[in-house]
Amino acid sequence: MINVLIIDDDLKICLFFSRLLEQMGHCFKAAHTISQGRQLFEKEAFDLVLLDLELPDGNGLEILPEFIHSFSSPEVIIITGTGNARGAELAFKYGAWDYIQKPFLLEEVSLPITRAIQYRTEKQAAPKLISLDRSKIIGESPALHECLKEVAKAASTDASVLITGETGTGKELFAKAIHENSKRASSSFVAVDCGALPETLVEGTLFGHEKGAFTGAGKRQEGLLVQAHGGTLMLDEVGDLPLAAQKSLLRTLQERRVRPLGGTVEIPVDIRLVSATNLDLDQMVSQKLFREDLLYRIRAMEIKLPALRDRGDDIEEIVLKKLHELSRRYNMETKAVSSEFLQLLKAQKWPGNIRELVNVLEYVLASSGMDPTLFPKHLPPEYRLSSLEFDSVPANTLRMQHPVSHSTEKDDFPTLNAYRTALEKTYLKELIQRAKGNRLKAGELSGLSQSRLYSLLSKHDLSGFSK
Amino acid sequence: MKILLYANNRENTGKQIEKHIKEEPRIEIETLDSVTSLSQKLCQPLHRIMVIILVIQTKEEITQFLDLIPLLENIRIILVLPDRDKHTLAVGIKLNPSFISYTDDDLDDITQVLKKIQKITLH
């Protein structure tokens, strides 16, 4: 049975809905103001709220987010006599089920109520989301909580999941969390690092091979797909899979059988697939670098991990926990953290995300020696520089386009450090442009390692690469 | 690229792998022959090890590495197993290796994987 809360100051409307709900066989409570509605809502759980907007003590939209984000999270139908597009837009944005304008006919309200109740009943009958053991995933930011909800959904099903996100966002950690919270938790979690495997070794590693299948195959070897039987197979950097291996993988997923290289017998496999990538697979499909049918297979669900800069609220917790963890590992006393140190960390762009942050913390622990508290001075120089605004020296920056020797005015002559910094920024901007946003190309052109590129981009507050 | 090679008995496979890798330019290799020394190395800050090659000689030896899993996070592992037994492989997989080879396999495969890792690490 469905429990409905009616909030409307018009007694006739309340009576109308009461009768309708009685006929439909549902329970209801009525309130005539926001505060009465809130009181009733705090006392019991409702499945559906019929909410008027113009109430004596305020606009119904004020209380709508409270309802939607509450534990019972009821469906809400807005009933209003002075409807407008903006109000409707806001109501839908907050998550309202429907928006009905007075006066209305019986059919106009009974159908949305029936549909909302049907949806609610189906939702309640659906498998409950599991209580997630989040293991090593740190943070409480809204962006992270959205991801954890998706992880819980994924863990309660057996659907293929594609985890996307920038490098260093913890894709493997989330894949493990899905496995460890799923019904397959007691079986193997097998991760395949597709990015590290040369093309010649990918298929043998995944599917296995028979003795003599190719030169060097001296003995029969079981593939990792078979090893993952009953459990979860994680294909890390799935976008790096060669097209030939993509075809064989698709066949395996469709038929749930593996044929080792050089083999004639197929082995049945029951695996749950979790893939991860930092590449744009849709774009790769359009460039014919990734099979569309395989993408369809591996992306029944997609979890997009937020970049660290989009979950700034989590940085403090991550820093404290990681510092504690690293200190224990290095057999050091846990250090206190100054607010300036945290502020500077929060101000970074973190193109390499959590992995980059942990590398910085390692550096900090090493550089701080016996100092009991961490201050900005313990950070690598490039992370301290990023907080300074070099662009605020326009005269020097303008000079960058010309040889220094042309400068005649002493005041305009830049210091070597400022000159070098501005030149570096100009170079990086040009590099990003030349590489067309492609990090691999930028690495090739500049001869810089990826981590060095990241730190320089961060230092100059430049956006990262699109590819 | 800095790599660690763990090989308890370097007279055999470990020695061959070490020799093979030392021929590769731009790969710096450090060899350790006990789990304790490996653990101590990983407990040093800023060790900057990108890859560890673990050459396992016996089934019993591999279980010792399970305790080191927290220290091996963010380091790619190349595992060289002593046999093709399902149980040995199942234990090896818990170490989350990037590549699994065997003591009787072609050592060129390990070099190829190292080169691929080097390439992706540089970019």
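Everything numeric in this text was worked out from a predicted model, so none of it was measured.
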Under a 4.5 Å heavy-atom cut-off, does chain B meet the side chain of [X], its backbone, both or neither?
X: A:Leu201; result: side chain
X: A:Asn359; result: both
X: A:Leu326; result: neither
X: A:Ser188; result: neither

For the candidates B:Ile78, B:Leu114, B:Asp105, B:Leu89, which exhibits the highest count of non-hydrogen atom pairs separated by less than 4.5 Å from chain A?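 So the answer, after comparing B:Ile78, B:Leu114, B:Asp105, B:Leu89, is B:Leu89.
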
Checked A:Asn331, A:Thr205, A:Val192, A:Leu197 vs chain B; the most non-hydrogen pairs under 4.5 Å come from A:Leu197

Looking at A:Glu362, A:Met332, A:Arg220, which has the largest count of heavy-atom pairs under 4.5 Å with chain B?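 Heavy-atom pair counts peak at A:Glu362.
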
Walk me through it: do A:Phe189 and B:Lys94 pass the test side-chain contact (heavy atoms from CB on, under 4.5 Å)? CA-CA 8 Å; A:Phe189 173 84; B:Lys94 290 184 180 164; over 6 Å; no

Contact class of [X] relative to chain A, heavy atoms under 4.5 angstrom:
X: B:Asn96; result: side chain
X: B:Leu71; result: both
X: B:Lys86; result: both
X: B:Asp108; result: neither
X: B:Gln44; result: backbone

Looking only at heavy atoms, which two atoms of A:Ala196 and B:Val113 are closest? And how far apart?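 Smallest heavy-atom distance, with atoms named: O-CG1, 3.6 Å.
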
Closest non-hydrogen atom pair between A:Asp193 and B:Ser98, with its separation: OD2-OG, 2.8 Å

Side-chain (A:Arg329) to main-chain (B:Pro70) donor-acceptor, under 3.5 angstrom: yes

Can you measure from [atom1] ([X]) to [atom2] ([Y]) and round to the nearest 0.5 angstrom?
X: A:Arg328; Y: B:Cys43; atom1: CZ; atom2: SG; value: 11.0 Å
X: A:Thr200; Y: B:Gln112; atom1: OG1; atom2: CD; value: 4.0 Å
X: A:Glu222; Y: B:Ile100; atom1: CD; atom2: CD1; value: 11.0 Å
X: A:Lys219; Y: B:Asp104; atom1: NZ; atom2: CG; value: 4.0 Å

Evaluate whether atom NZ of B:Lys2 has more than 12 neighbouring non-hydrogen atoms of other residues, nucleotides or ligands under 6.0 angstrom away.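 Check passes, neighbour count above 12.
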
Near B:Arg84 CZ, under 6.0 Å, is it more than 12 heavy atoms from other residues, nucleotides or ligands?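 Count over threshold, so yes.
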
Which residue is it: A:Arg355, A:Lys136, A:Glu172? I am looking for the one with a side-chain contact (heavy atoms from CB on, under 4.5 Å) to B:Glu73. A:Lys136

